[in-house]
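Here's the structure, in structure tokens; my notes come after.
Naming convention: chains lettered A, B, ... in sequence-line order (proteins, then strands); numbering from 1 in each chain.
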Protein chains: 2
Amino acid sequence: MATIRDVAKRAGVSVATVSRVLNQNGYVNEETEKRVRQAMKELNYKPSEVARALFKKTSKTVGLIVPDITNPFFPELVRAVEDVMNIYDYTVILCNSDEKVEKEREYIEVLKQKYVDGVILTTNQLTPDEVDEWDVPIVVLDRPFHERYPSVVADNYGGARLATRHLYEMGCRRIAHIQGPMHVVNAVERFRGYQDEMMELGIWEQRLVIQGNYQLKQAKEAVMAALTDHEIDGIFAGNDAMAVGALKAVQQCGLRVPDDIAIIGYDGIPLTEMTTPELSTVSQPIYEMGAIAARILIKQIEGKPLEKIHYQLPVQLMVRQSTSRREQT
Amino acid sequence: MATIRDVAKRAGVSVATVSRVLNQNGYVNEETEKRVRQAMKELNYKPSEVARALFKKTSKTVGLIVPDITNPFFPELVRAVEDVMNIYDYTVILCNSDEKVEKEREYIEVLKQKYVDGVILTTNQLTPDEVDEWDVPIVVLDRPFHERYPSVVADNYGGARLATRHLYEMGCRRIAHIQGPMHVVNAVERFRGYQDEMMELGIWEQRLVIQGNYQLKQAKEAVMAALTDHEIDGIFAGNDAMAVGALKAVQQCGLRVPDDIAIIGYDGIPLTEMTTPELSTVSQPIYEMGAIAARILIKQIEGKPLEKIHYQLPVQLMVRQSTSRREQT
DNA sequence: CTGAAAGCGCTAACAA
DNA sequence: TTGTTAGCGCTTTCAG
């Protein structure tokens, strides 16, 4: 690997001059510049980002902490972040936290040691006070966190109401909800949306609420159990994986979807179009969320003002086969 | 952020001494060591990985280049790599190449500028000669590349034979194959396995081969077209996404799976258990592949000898509903 | 056993 | 317009 000294020597100039053309700052003679560029090309010179980082305390690298890339909600989010970071010449370090605060903390430590310029965070358990101490630009993604941190989330509450109302309009009256884990803010908001809508419709019943943990399997079993207890004619699942679980449970019980029980999920991951019947869902603009998060992180890093600090993106009701039946009310 | 100088000052020793306890090399008095550790703790000192990297030309970071994290085959692979890298205190930079050589090249350039210690690569188009020039430890993952590079792949050829044979044993005689893109080595091997098995069974017909590109949608359309042409009683799809496409096409044509047409996929991604009927598939040990790749990369980095340079892992036939019908022959 | 000093590759004053 | 110098935070000889 050629260093800046090699280039300087070859071009017959000082190291400082090379640095100047590299960073396009300071004045440099056109002729000289040409020679320098020539030398850089000949030696195939690429500046060491590490040396730069040491001096500037900035590394053109950001951290991205997600619970688990294996959860089908995240790949698209990650992809979006990577895509826009890439455009701005940032590189992204991927961290899977498994929702463990401990792991989040460890990652942050490591990331700071590497002088990352910022981090995008999907978390619940961290307290704002702790994050304050980190002293790194942060953007919070997917889950509402605290006012003073820029955030990009979708309208969970509204989406949940939308889904519930949709089932109602499809003729359902005994609409169950499979909750996500209650320590995830998202899940709570979706539950609240469901609850409020049900109350407003005058069909709220506590026992229609089914505990879930965002996992297919557990949801399937829970629905299985619920089905024997009392008749249900619609299910609003807190996420798509659980909706698939519900679908399987219902089918396994010999009931038909949507005729006996209509099902709607939440998130809008590609999976929902792969089942039979295809699943209705509340689709979040996943890619856009990631992309916006990346952009505002960059703005923060570059010290540019954010015209807006909290983004709440609209969700969209995707009506598919799993809720298409009876007449609308 | 406290620096090593701060620690040295506080402990009343030289910077060199602190460095010695940090790296556990050289001799250092027990008493002194205690004082130094104390000081480190008090100041919450964490060494700058960047400064270290500059000196050592090694950054405790590796690159991971995959085509597209959004492709459901990769999240688990990525997760595995991240997990084991994490254990050994490495950090991973995720790169999506979209199968574009250009992007791969760019990423490598950037990664080298950051002094990554190695990279794990999923690629087709690069030539070994080019990779030679990179001068970075490499491990090739998921797709056979070139002898002189350590690799971790699954037995594509064998798996394809297995799948084909399985359909045959389930009574299928007109077994179609939806190919993956022929510029992906994987897909070619699977095709060859299918072809050889079909020939051996004496039921090979060129027109049973359907062009696919690993995408659900395209596969669905292609199968749709193929179904009208000639009767088919079994489909071996080059990957799981295409198997879902086939499933949808078949169902949409009013045919039953597996009774009219049996379908088997390839890869063993979670998706296959979410469809109805659940899809038979040839399951690759995805997590293990990623984990092994990570481990041998680390060995290479640390200059340890590899007891084995090429890993070909066995695949497993997962028989599920989509191929469970008639009697075995 | 410990300290002083040089240097990893780059940037940013400060002079010239 | 350019060169000289110091230094980012760490590690490693080389003396002591």
Side-chain angles (χ1 to χ4, degrees), chain A residues 1-40 43-61 89 109-117 135, chain B residues 1-40 43-61 89 109-117 135:
Chain A
M1 283 259 87
T3 78
I4 195 174
R5 299 179 71 122
D6 302 327
V7 175
K9 193 166 298 175
R10 188 168 182 89
V13 298
S14 75
V15 167
T17 301
V18 178
S19 174
R20 279 191 267 263
V21 347
L22 222 46
N23 299 287
Q24 320 211 47
N25 61 10
Y27 301 90
V28 53
N29 181 345
E30 255 191 41
E31 286 298 304
T32 322
E33 173 162 355
K34 207 172 286 178
R35 282 215 317 286
V36 171
R37 291 202 181 285
Q38 177 69 4
M40 296 201 304
L43 296 175
N44 192 322
Y45 168 71
K46 302 277 191 270
S48 155
E49 279 303 332
V50 173
R52 259 186 191 168
L54 179 57
F55 188 91
K56 302 232 229 177
K57 262 132 205 49
T58 189
S59 60
K60 281 291 184 183
T61 305
D89 296 323
E109 220 48 75
V110 175
L111 292 175
K112 284 174 65 179
Q113 289 181 256
K114 303 211 176 192
Y115 294 176
V116 295
D117 300 333
D135 189 33
Chain B
M1 284 261 86
T3 77
I4 196 173
R5 300 178 71 123
D6 302 327
V7 175
K9 195 167 294 174
R10 186 166 182 89
V13 297
S14 74
V15 167
T17 301
V18 177
S19 173
R20 280 190 267 263
V21 345
L22 220 48
N23 300 287
Q24 320 211 47
N25 61 12
Y27 301 91
V28 58
N29 182 343
E30 256 191 38
E31 285 298 304
T32 321
E33 174 162 354
K34 209 172 284 175
R35 284 215 315 287
V36 170
R37 290 205 182 284
Q38 177 68 5
M40 297 201 304
L43 295 174
N44 192 321
Y45 168 72
K46 301 277 191 267
S48 156
E49 279 303 331
V50 174
R52 255 184 193 169
L54 179 57
F55 188 91
K56 303 231 232 176
K57 263 134 202 51
T58 189
S59 59
K60 281 291 182 181
T61 305
D89 296 322
E109 219 47 76
V110 175
L111 291 174
K112 284 174 65 179
Q113 289 180 254
K114 304 211 177 193
Y115 293 176
V116 295
D117 300 332
D135 190 31

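Of the residues in residues 49-61 of chain A, those with a non-hydrogen atom less than 4.0 angstrom from any atom of DNA chain C are Ala51(A), Arg52(A), Phe55(A). Taken residue by residue, residues 20-27 of chain A places heavy atoms nearer than 4.0 Å to DNA chain D at Arg20(A), Tyr27(A).
Residue Ser19(B) is in base contact, counting any heavy-atom pair closer than 4.0 Å across all strands shown.
For Asn23(A), the side chain to side chain donor-acceptor pair (under 3.5 Å) partners are Ser19(A), not counting sequence neighbours. Glu33(B) pairs by the side chain to side chain donor-acceptor pair (under 3.5 Å) definition with Arg37(B), not counting sequence neighbours.
Within a 6.0 Å sphere centred on NZ of Lys34(B), heavy atoms belonging to other residues, nucleotides or ligands number 12 at most. Atom NZ of Lys112(A) has more than 12 neighbouring heavy atoms from other residues, nucleotides or ligands inside a 6.0 Å radius.
Rounding to the nearest 0.5 angstrom, the gap separating the CZ atom in Arg20(B) from the CG atom in Leu22(B) is 12.0 Å. One finds the NZ atom of Lys56(B) at 10.5 Å from the CG atom of Asp117(B) (value rounded to the nearest 0.5 Å). Rounded to the nearest 0.5 Å, atoms CD (Glu49(A)) and NZ (Lys60(A)) are 8.0 Å apart. Here the straight-line distance linking atom OG1 of Thr61(B) with atom NZ of Lys114(B) works out to 9.5 Å at 0.5 Å rounding. With values rounded to the nearest 0.5 angstrom, Leu54(B) atom CG is found 13.0 Å from Arg52(A) atom CZ.
The CZ-P distance, from Arg5(A) to dT11(C), rounds to 14 Å in whole Å.
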For DNA chain C, the dot-bracket notation using Watson-Crick and G-U wobble pairs below 3.5 Å, [ ] for pseudoknot-type crossings and | for other-strand pairs, is ||||||||||||||||

Verdict with supporting geometry, Asp135(A) and Met1(B), side-chain contact (heavy atoms from CB on, under 4.5 Å): CA-CA 10 Å; Asp135(A) 189 33; Met1(B) 284 261 86; over 6 Å; no

Run Thr32(A) and Arg35(A) through side-chain contact (heavy atoms from CB on, under 4.5 Å) and show every step you take. CA-CA 5 Å; Thr32(A) 322; Arg35(A) 282 215 317 286; 4.2 Å; yes

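Nucleotides of DNA chain D that come within less than 4.0 Å of any heavy atom of chain A span, from the 5' end to the 3' end, dT1(D) to dG9(D).
A donor-acceptor contact shorter than 3.5 Å is absent between the side chain of Ser59(B) and the backbone of Ala53(B).
Tyr45(B) and Thr3(B) make their closest contact through CE1-C, 3.5 Å (heavy atoms, listed as atom of the first residue, atom of the second, distance).
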